[in-house]
Trainee: 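Let me begin by handing over the structure; questions about it come next.
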Amino acid sequence: MKIKYLFILMVTMIAMVACKRQIERPQWDVDLLAPLIKSTINIKSLVADSTYILDKDRSIILVFKQPLDSFSLKGLDTFRIDPFYKKIKLSSLQLNTDTITQLITLGQIARQLLASTDQQMRIVGFVILANQGKRMDIPNFENIAAAALPFDVTQWFKYAVVKSGNLKVIITNKLPITVANIQFDLNNKTFIPKLVLSKTFTNIFPNTSQSETVPLDNKKIEGNLEVSIPDLDLIGGSNVLIDTNAALKIQVAISDILLEEADAIFPAQNVAVDTVEAPITMSPGIEAKEAILEKGKIRIKVLSTMQDSLYYTYKIPNAKSPQGQAFKIVGTIPPSKGGVATQYEYIAEFNGYKLDLRGAPGSEGVNAFYSDFSANIRYTGKPVFLSLVKDSIEISITMEDFKPSYLRGYIKQDTILEAVSAVDLFKNIRADALNFNKINLTLDIKNSFGITVDITPQYLKASNNRGQSAELVDDKLVMVKRGIVAAKDKPLTPSYLKLQTANAAPLLNIIPQSVAYKLRITTGQSLFEGGSKFYDDFAYSTSAIVPTLTIEAPLNFSAKKIVLQDTIPLSADFQKQVRSGKFTMLLKNGFPLKIILNMKFIDQWGIQKEILLSPQPIVEGIINTATQKVVAKTDTKLIYQLTTENMQKIAGADRLIIQAQFDTQPENTQIKIYHDYNLEVKIIGDLKYNIQ
């Protein structure tokens, strides 16, 4: 039975669910009275804290402070040294030489006689050899021709083309008889021409010497030479002791040799030496004696055709590191091989170096960069081919990215500094006309150069976007030259000049958006005025002439249609759901002015959707006639009716701009704005909402 009732209940529930209708959500309009917006409009809320100060009486002073374009030395940026390039031919090649000795003994002469076709000569030669150690009479001999003897100088060179040099021949007679005449020839063994030199000596007595020095200029000599005696004449004697080892001693010494080329074993020597004094390009009027580099690098490139290793030294004796060490680079350039020149490159950092820019040591120039380069070969004991004609060293030295952090010398400049700076002092304040009572303008000029500077303000103009402009007129400031003393060095202590005027009201009365200015800056005045040129001026890379313009505008003015405003965001619900109603504005005016209040509805693209105008002016605050200050606020109630048409226009607006517009009355009446002056705005909405 229970199961039957349970089944009937389930069927009934399913039927009820199947027959259920979806209930539609109702929508209706409701009236809602609620505070919507609360705002306070004052001068301080329209400018940043940094753009106003309070005077002693707590009135507001608007402040515009703007660093103007600064003046710096372009010479520090254009510090450039011309690249050093030179192709150096080997200036000289030297050889180590010594004296070579050759002996022609009496025994050799006797054997030469034995080979003669003259019978008598053959007999004398035989007799001399047979009587070794004995005494005998020796006759005169003429036209003896000694066989060629080897003269080996390959320990010096395989061959050489001599540019200049000397060969000294010394003949010492150790024979027991007098040499009446001897012709000495030095010959190449294979080279053409064979004859290197020929020299004749006469009357060389026993145990005496004779010498002759012969130039070897432009001679081509091989290492395997020969000495020949094509003619030897001897004067005989009686009772002569025969010693076949007694000899004519022939000595040959090569000296002062400079080679065009040679395949030789060279001693250590310089093969390239050069110095350079390069000009430094800087801004005209800068004559520098000293500089400190913030950064820079030196790139050395060498192209060498020499078949020997080159050892080079590059020095800048006038450049000292922060530790006081002179700049010096030492490197090795490998030999060329297979006729292909060796290319070599090296980069050295030059940061922080102190440069003496007077030129070569001992000089007193300016803007000069002095350096020297030398290259040498070392003794290896191995033959190497070198040629003054064929071999060369190409050197390229560039100074890259040189930027000094400091200069000292004489700095003469005459510069016009002209620019335009934006003025944002009034970006949130609009007016048809302003008339300030007094505006203070100050031009603060900071000098961080070690140079006496003259500043001449040539003009200061203000302009607005309505085509109006005004120029500062003050014969104590404009077109008057003022001097600023030089900054002090180590540590750097800038100097300052303050130029002031209270006649700047016309500049602000046009409510400017920009100021244009022109300053003339001159240095090196000692020379301009006919004085001596000194070299104690200095400048750092951070040095500059920095003018700063400050305008102080006490809010003591008359105005026509001056507008203050505040911007309030609107909620999305307000845009979509409000159908009609009214705004009730409760206002407390603390300004000493009647105010017209307007409300503008603006969309996200800045397009005005709707404007609600004030139905009546807002009464000014209560003023103490003795002090002319507001002592109490006045209350005003304004009502704005909102129709459906109004709301359709407002739809899409995302912010509300409340504008307070006022004039000073009577016209040109001056008022002063104090820090506590404001307009309190409270908006209460009595609105009809659509609720879904």
Trainee: Quick one: does Asp603's side chain have a donor or acceptor within less than 3.5 Å of a partner on Ile607's backbone?
Mentor: yes

Trainee: Does the Ser448 side chain pair with the main chain of Ala544, one donor and one acceptor, at a distance under 3.5 Å?
Mentor: yes

Trainee: Take Ile439 and Ile551, measure what side chain to side chain contact (heavy atoms under 4.5 Å, CB included) needs, and give me the verdict at the end.
Mentor: CA-CA 7 Å; Ile439 299 295; Ile551 297 175; 3.5 Å; yes

Trainee: What's the shortest heavy-atom distance between Met399 and Ile298, and which atoms?
Mentor: CG-CG1, 4.4 Å

Trainee: Less than 4.5 Å apart, any side-chain heavy atom of Thr584 and any of Ile683?
Mentor: no

Trainee: Taking side chain as C-beta onward, heavy atoms only, is Leu407 less than 4.5 Å from Met282?
Mentor: yes

Trainee: Please report the shortest heavy-atom distance between Gln66 and Ala422, naming the atom on each side.
Mentor: OE1-O, 4.2 Å

Trainee: What heavy-atom pair brings Tyr640 and Leu613 nearest, and what distance separates the two atoms?
Mentor: CE2-O, 2.8 Å

Trainee: Does Asp356 reach the main-chain N or O of Gly359 with its side chain, forming a donor-acceptor pair under 3.5 Å?
Mentor: no

Trainee: When you measure from the side chain of Tyr410 to the backbone of Lys289, do you find a donor-acceptor pair of N or O atoms at a distance under 3.5 Å?
Mentor: no

Trainee: For Asp489, is there an ion pair with Arg408 - N to carboxylate O distance below 4.0 angstrom?
Mentor: no

Trainee: Side chain of Asn589, backbone of Val619: donor and acceptor closer than 3.5 Å?
Mentor: yes

Trainee: Just so I know, are the side chains of Gln659 and Lys600 near enough to count as touching, which here means a heavy-atom distance under 4.5 Å?
Mentor: yes

Trainee: Output yes when a side-chain donor or acceptor of Ser463 lies under 3.5 Å from a complementary backbone atom of Ser469, and no otherwise.
Mentor: no

Trainee: Looking only at heavy atoms, which two atoms of Leu443 and Pro457 are closest? And how far apart?
Mentor: CD2-CG, 4.4 Å

Trainee: Once you round to the nearest 0.5 Å, how far does NZ of Lys438 lie from CG of Leu508?
Mentor: 14.5 Å

Trainee: For residues 496-504, dump all side-chain donor-acceptor pairs below 3.5 Å to protein atoms at least two apart in sequence or in another chain.
Mentor:
| residue | atom | partner | partner atom | Å |
| --- | --- | --- | --- | --- |
| Lys498 | NZ | Asp444 | OD1 | 2.6 |
| Thr501 | OG1 | Asp474 | OD2 | 2.3 |
| Thr501 | OG1 | Asn503 | N | 3.1 |
| Asn503 | ND2 | Asp474 | OD2 | 3.3 |

Trainee: Can you tell me how far the OG atom of Ser321 sits from the CG atom of Asn351, to the nearest 0.5 Å?
Mentor: 12.0 Å

Trainee: Is a side-chain N or O of Asn509 found less than 3.5 angstrom from the main chain of Phe436, in a donor-acceptor match?
Mentor: yes

Trainee: Identify whether the distance between the nearest side-chain nitrogen and carboxylate oxygen of Glu680 and Lys38 falls below 4.0 Å.
Mentor: no

Trainee: What distance do Ile658 atom CD1 and Met599 atom CE have between them, rounded to the nearest 0.5 Å?
Mentor: 7.0 Å

Trainee: Search all heavy atoms of Pro547 against all heavy atoms of Ile545 and return the closest pair with its distance.
Mentor: CD-O, 3.4 Å

Trainee: On the ring face of Phe327, is Lys320 found with NZ or CZ under 6.0 Å from the centre and within 45° of the axis?
Mentor: no

Trainee: Take Leu441 and Thr550, measure what side chain to side chain contact (heavy atoms under 4.5 Å, CB included) needs, and give me the verdict at the end.
Mentor: CA-CA 6 Å; Leu441 182 147; Thr550 302; over 6 Å; no

Trainee: Is the side chain of Thr636 donor-acceptor paired with the backbone N or O of Leu587 at a distance under 3.5 Å, no angle test?
Mentor: no

Trainee: Report the distance from atom OG1 of Thr567 to atom CD1 of Ile657, rounding to the nearest 0.5 Å.
Mentor: 4.5 Å

Trainee: Tell me whether Glu620 contacts the main-chain N or O of Ile595 through its side chain, where contact means a donor paired with an acceptor under 3.5 Å.
Mentor: no

Trainee: Within the structure provided, determine whether Ser371 and Phe84 are in side-chain contact (heavy-atom separation under 4.5 Å).
Mentor: no

Trainee: Below 30° counts as parallel, above 60° as perpendicular, anything between as tilted: where do the rings of Tyr353 and Phe350 land?
Mentor: parallel

Trainee: Return the OG to CG distance between Ser421 and Asp69, rounded to the nearest 0.5 Å.
Mentor: 6.0 Å

Trainee: Regarding Lys403 and Glu294, does a basic nitrogen lie under 4.0 Å from an acidic carboxylate oxygen?
Mentor: no

Trainee: In the structure I gave you, are the side-chain heavy atoms of Ile618 and Leu638 within less than 4.5 Å of one another anywhere?
Mentor: yes

Trainee: Assess whether side chain to side chain contact (heavy atoms under 4.5 Å, CB included) is satisfied between Ile623 and Val631, documenting all intermediate values.
Mentor: CA-CA 6 Å; Ile623 301 172; Val631 294; over 6 Å; no

Trainee: Which heavy atom of Ala660 sits nearest a heavy atom of Leu679, and at what distance?
Mentor: CB-CD2, 4.1 Å

Trainee: Quick check: does any side chain N or O of Thr634 sit under 3.5 Å from a backbone N or O of Ala632, one acting as donor and the other as acceptor?
Mentor: no

Trainee: Using the six-membered ring wherever Trp is involved, compare the ring planes of Phe449 and Phe71 and label them parallel, tilted or perpendicular (cut-offs 30° and 60°).
Mentor: tilted

Trainee: Could you check Tyr517 against Glu418 for side-chain hydrogen bond (donor to acceptor under 3.5 Å, both in side chains), going step by step and ending with a plain yes or no?
Mentor: CA-CA 6 Å; Tyr517 54 91; Glu418 191 170 11; over 6 Å; no

Trainee: For residues Ile521 and Val453, determine if any side-chain heavy atom of one lies less than 4.5 Å from a side-chain heavy atom of the other.
Mentor: yes

Trainee: Please state whether the rings of Phe538 and Tyr406 are parallel, tilted or perpendicular, taking 30° and 60° as the class boundaries.
Mentor: parallel

Trainee: Take Met585 and Lys637 through the test side chain to side chain contact (heavy atoms under 4.5 Å, CB included) and record every step on the way to the result.
Mentor: CA-CA 6 Å; Met585 301 189 71; Lys637 181 178 180 180; over 6 Å; no

Trainee: Take Glu364 and Arg358 through the test salt bridge (charged side-chain N to carboxylate O under 4.0 Å, His left out) and record every step on the way to the result.
Mentor: CA-CA 5 Å; Glu364 286 297 331; Arg358 292 176 293 178; 3.1 Å; yes

Trainee: Any heavy-atom pair between the side chains of Leu507 and Pro512 that's under 4.5 Å?
Mentor: no

Trainee: Flag the pair Asp82 and Arg80 as a salt bridge only when some basic side-chain nitrogen lies within less than 4.0 angstrom of an acidic carboxylate oxygen.
Mentor: yes

Trainee: Quick one: are Phe64 and Val423 in side-chain contact, heavy atoms under 4.5 Å?
Mentor: yes

Trainee: Can you confirm whether more than 12 heavy atoms, excluding those of Lys518, are under 6.0 Å from its NZ atom?
Mentor: yes

Trainee: I need the Thr398 OG1 to Ile300 CD1 distance, nearest 0.5 Å.
Mentor: 9.0 Å

